[in-house]
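Below: the structure, in structure tokens.
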Amino acid sequence: QVQLVESGGGLVQAGGSLRLSCAASGLTFSSYAMGWFRQAPGKAREFVAAISWNGGSTYYADSVKGRFTISRDNAKRTVYLQMNSLKPEDTAVYYCTAGYRTGTTLRSYDYWGQGTQVTVSS
């Protein structure tokens with residue numbers, strides 16, 4: 001049974017930083033591309049960042065480019081999202097996801113975590 005468990009969310013002031021983690025089990029982690037999506041209240045789930053199976057390629061939404069960094073540790077079966085210079089518009093539930101292809105769309109991914117709340121106050 002595949003499990004993706006996110007952690008590290010919370011409340012932070014604008015301009016602050018958070019680091020999200022996603023621990024994976026039940027899959028061959030090093031074979032999967034990993035991604036982060038987010039969903040704000042009343043809005044569709046949107047792509048944030050993705051990383052290839054070996055970390056050699058990364059992709060970011062324009063809205064987070066230069067502020068967020070995705071990384072992975074295959075030995076620890078964990079993917080990270082370092083979020084700096086946070087803005088109120090970054091407030092959302094952040095979801096970790098795994099798939100065989102490194103994509104920017106929901107359909108690129110097969111497995112999803114339960115999400116972690118990130119709230120940025122102004």
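- Within 6.0 Å of the CD atom in Gln114, the count of heavy atoms belonging to other residues, nucleotides or ligands does not exceed 12.
- Using a 4.0 Å cut-off between charged nitrogen and carboxylate oxygen, Asp90 and Lys87 do not count as a salt-bridge pair.
- Each of Tyr95 and Leu81 belongs to its own hydrophobic cluster when Ile, Leu, Val, Met, Phe, Trp and Tyr are linked at side-chain heavy-atom distances under 4.5 angstrom.
- Ring geometry, Phe47 versus Phe37: the interplanar angle exceeds 60°, so the pair is classed perpendicular (tilted spans 30 to 60°).
- When each of Gln82, Met83, Arg67 is checked for a side-chain contact (heavy atoms from CB on, under 4.5 Å) with Ser17, only Gln82 meets the rule.
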Please determine whether side chain to side chain contact (heavy atoms under 4.5 Å, CB included) holds for the pair Arg38 and Glu46, giving the CA-CA distance in whole Å, both sets of side-chain angles, and the decisive distance to 0.1 Å. CA-CA 5 Å; Arg38 66 187 182 187; Glu46 65 175 6; 2.6 Å; yes
I would like to know whether Trp36 and Ile70 meet side chain to side chain contact (heavy atoms under 4.5 Å, CB included); could you show each step before the answer? CA-CA 8 Å; Trp36 289 95; Ile70 189 171; 3.6 Å; yes
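- By the criterion of side-chain heavy atoms lying less than 4.5 angstrom apart, applied directly or through intervening Ile, Leu, Val, Met, Phe, Trp or Tyr residues, Phe29 is grouped together with Tyr32 in one hydrophobic cluster.
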Show the numbers, then the answer: is there a side chain to side chain contact (heavy atoms under 4.5 Å, CB included) between Trp53 and Ser31? CA-CA 6 Å; Trp53 64 275; Ser31 297; 5.8 Å; no
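- Note that OG1 of Thr97 is 7.5 Å distant from CG of Asp110, once rounded to the nearest 0.5 Å.
- At a threshold of 4.5 Å between side-chain heavy atoms, the hydrophobic network of Ile, Leu, Val, Met, Phe, Trp and Tyr places Val93 and Leu106 in one connected group.
- Atom SG of Cys22 and atom CD of Glu6 lie 5.0 Å apart (nearest 0.5 Å).
- By the rule that hydrophobic residues join a cluster once side-chain heavy atoms approach within less than 4.5 Å of another member, Tyr109 and Tyr80 end up as members of separate clusters.
- In this structure, Lys43 places its NZ atom where only 12 or fewer heavy-atom neighbours from other residues, nucleotides or ligands lie under 6.0 Å away.
- Arg101 CZ: 12 or fewer foreign heavy atoms inside a 6.0 Å radius.
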